[in-house]
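Heads up, the thing below is written out as structure tokens.
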Amino acid sequence: MRVLLVGAGGVGTAVTRIAARRPFFDLMVVADYDPARAKAAVAALGADAGRFVAERVDAADEAAVAALLARHGCDVLLNATDPRFVMPLFRAARAAGATYVDMAMSLSRPHPERPYEECGVKLGDEQFAAAADWERAGALALVGMGVEPGLSDVFARYAVDELFDTVEEIGVRDGANLTVDGYDFAPSFSIWTTIEECLNPPVIYEEGRGWFTTEPFSEPEVFDFPEGIGPVECVNVEHEEVLLIPRWTDARRVTFKYGLGREFTDTLRTLHQLGLDRTSPVTVPGPDGPVAVSPRDVVAAGLPDPATLGDRMRGKTCAGTWVRGTKDGAPREVYLYHVVDNEWSMAEYGSQAVVWQTAVNPVVALELLATGAWSGAGVLGPEAFPAHPFLDLLTAYGSPWGLREQ
């Protein structure tokens, strides 16, 4: 397998550090708009850098990405950029005849008249619209293969296949007790992506009703997370799992709730009230005249890079899937989860917990594709594949998962 990794930020860099320890690929081309970031990701591998090459590429330039795939003979494109670049990279992979893997799906657009009741353009709609073309070509786009979406979807597949006879509800629940020394507000993941998913109308799925939306931060609940994290208030957030899980399971209700905490949600609400969550440019004075800038890009530029915060972070992050249904005629409720301790991920890989947890899952998926344990054609989510090989291999990577009866 020869892989083109596009994006050498925190997650992309963690991908290289995890993949460097595995033998399943022959070459990984690490490409970024900033060539210095790509070179730094490769240089940090030291003696393990032999199968890695740094390149520059503009993720929005489909022709350039396709040409880079061809030049290095890459048969897989792994997208580690933010969701703005999903569609150009998705199309470039199809044009080059490469398998495509991402960790977040094409962007949504709220319903123009009823944004908190009806879906407009849903997450992944643009990608699923091309599914027939990928399937006819015998090509695979594995979408939403990070941690959430990704591992959470694998958990859903495992629960439906192995743990339940009927499933009433699948609810992804994400929480952490991470703190960052020296900062009152320092997100542990891309603030651009966090704003996108937290301030868009959350989507819920119900059998008989289909997909519908609600208000941001709705239906707060306190969820008790394992391994010492404890109770965290979780709220509805727009996320890909709600759009993926119902396509391959018979769950009657699917939700996603994020443990943001009250202070974080208040900050996001303030950004929205001030218009600082907007992506459309506004004109501001500059030293050489008016300059068009995106308010959200300004917010992101003003905050510390999450990838650089690992030495200041303390605590654990948990991604998991709560499932309620019946088994052998009796009610059952479980939480399948994956916890990463920041102290461990920094000591073992030099990557902070949130980006490491996101990065390990696409690497596991790439290895399953390389060995043939996973295969398929079309635009497929993680639920479309057997869960056991993934969970077994994740454990073999030294990062076991857990199951708690509720």
Side-chain angles (χ1 to χ4, degrees), residues 82-84 86-87 104-131 143-144 148-149 152-153 156 167-175 191-223 232-262 264-280 295-296 321-325 379 381 383:
D82 74 50
R84 288 173 289 183
V86 162
M87 288 312 296
M105 297 174 66
S106 60
L107 292 171
S108 64
R109 292 191 296 277
H111 191 281
E113 285 87 35
R114 297 160 61 88
Y116 303 129
E117 298 171 53
E118 297 182 26
C119 296
V121 175
K122 301 187 298 300
L123 290 168
D125 273 359
E126 287 186 82
Q127 290 172 287
F128 283 117
V143 297
E148 293 172 337
S152 51
D153 303 76
V167 174
E168 291 295 323
E169 182 169 357
I170 295 176
V172 179
R173 300 292 185 265
D174 177 303
I191 189 62
W192 198 102
T193 304
T194 301
I195 290 172
E196 180 72 19
E197 62 191 22
C198 291
L199 293 178
N200 276 350
V203 180
I204 295 171
Y205 174 84
E206 289 182 358
E207 184 180 61
R209 184 175 179 182
W211 289 291
F212 62 95
T213 57
T214 182
E215 295 273 352
F217 313 126
S218 59
E219 299 181 2
E221 68 177 58
V222 175
F223 192 87
V232 180
E233 184 182 79
C234 299
V235 293
N236 279 322
V237 167
E238 180 191 50
H239 233 251
E240 287 90 343
E241 290 95 325
V242 180
L243 288 312
L244 288 170
I245 290 171
R247 296 175 187 269
W248 287 282
T249 77
D250 292 326
R252 293 171 183 166
R253 177 177 165 89
V254 182
T255 59
F256 179 97
K257 292 189 180 183
Y258 201 175
L260 296 170
R262 187 60 56 85
F264 200 99
T265 57
D266 287 346
T267 299
L268 292 176
R269 285 191 176 102
T270 300
L271 290 174
H272 179 63
Q273 289 169 353
L274 297 175
L276 294 175
D277 59 325
R278 292 166 49 193
T279 58
S280 54
R296 193 186 299 185
T321 303
W322 163 75
V323 187
R324 177 174 61 87
V379 178
E383 307 86 345

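All residue numbers in this chain count up from 1 along the given sequence. Any value given below was found using the heavy atoms of this structure, including those in side chains, with hydrogens, waters and symmetry copies removed.
- Side-chain contact between Leu244 and Met105 is present, with at least one heavy-atom pair separated by less than 4.5 Å.
- Separation of atoms CG (Asp250) and CD1 (Ile245) is listed at 12.5 Å; rounding is to 0.5 Å.
- If you check the side chains of Arg173 and Thr255, you find a donor sitting under 3.5 Å from an acceptor.
- Annotation for Ile170 and Val167: closest pair CG1-CG1, 3.7 Å, computed over non-hydrogen atoms.
- For Leu123 against Glu240, the heavy-atom pair with the smallest separation is CD1-N, 3.8 Å.
- Within a 6.0 Å radius of NE2 in His272, no more than 12 heavy atoms belonging to other residues, nucleotides or ligands are found.
- Closest approach of Ala251 and Tyr205 over heavy atoms only: O-CE2, 3.7 Å.
- Counting non-hydrogen atoms of other residues, nucleotides and ligands closer than 6.0 Å to CG of Asp266 gives a total above 12.
- Under the 3.5 Å distance criterion, the side-chain polar atoms of Glu126 are left unmatched by any main-chain donor or acceptor of Ser106.
- Within the 4.5 Å cutoff, the side chain of Lys257 has heavy atoms near those of the Asn236 side chain.
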Report the C-alpha distance between Phe217 and Leu268 in whole Å, list the side-chain angles of each, state the deciding distance to 0.1 Å, and finish with yes or no for side chain to side chain contact (heavy atoms under 4.5 Å, CB included). CA-CA 10 Å; Phe217 313 126; Leu268 292 176; 4.1 Å; yes
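- Residues Pro295 and Ser280 come closest through the heavy atom pair CD-O, 3.3 Å.
- When all heavy atoms of Trp211 and Val242 are compared, the closest pair comes out as NE1-O, 2.7 Å.
- Between Val203 and Phe256 the shortest side-chain heavy-atom distance does not fall below 4.5 Å.
- In this structure, Ile191 CD1 and Asp82 CG are separated by 12.5 Å, a value rounded to the nearest 0.5 Å.
- Atoms NZ and OG1, on Lys122 and Thr213 in that order, are 11.5 Å from each other to the nearest 0.5 Å.
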Going through the checks in order, is the side chain to side chain contact (heavy atoms under 4.5 Å, CB included) test met by Gln127 and Met87? CA-CA 7 Å; Gln127 290 172 287; Met87 288 312 296; 3.7 Å; yes
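- Of the N and O atoms on the side chains of Glu219 and Thr214, not one donor lies less than 3.5 Å from an acceptor on the other residue.
- Here the CD-CZ distance, from Glu196 to Arg296, works out to 4.5 Å after rounding to the nearest 0.5 Å.
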Check against side chain to side chain contact (heavy atoms under 4.5 Å, CB included), Leu243 and Phe128: CA-CA 11 Å; Leu243 288 312; Phe128 283 117; 5.8 Å; no
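- Atom-to-atom distance recorded for Trp322:CH2 and Glu169:CD is 4.0 Å, nearest 0.5 angstrom.
- When the shell of 6.0 Å around CZ of Arg247 is examined, it contains more than 12 heavy atoms from other residues, nucleotides or ligands.
- Across Ser152 and Thr321, no two heavy atoms sit closer than the pair O-OG1, 2.9 Å.
- The shortest side-chain heavy-atom distance between Tyr258 and Glu148 does not fall under the 4.5 Å cut-off.
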Begin from the C-alpha positions of Phe264 and Thr194 and carry the test side chain to side chain contact (heavy atoms under 4.5 Å, CB included) through to its verdict. CA-CA 11 Å; Phe264 200 99; Thr194 301; 3.7 Å; yes
Show your working on side-chain hydrogen bond (donor to acceptor under 3.5 Å, both in side chains) between Ser108 and Glu238 and close with a plain yes or no. CA-CA 9 Å; Ser108 64; Glu238 180 191 50; 2.5 Å; yes
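- Side chains of Pro216 and Pro202 form a contact here, defined as non-hydrogen atoms less than 4.5 Å apart.
- Atom CG of Asp277 is separated from atom CZ of Arg269 by 13.0 Å, given to the nearest 0.5 angstrom.
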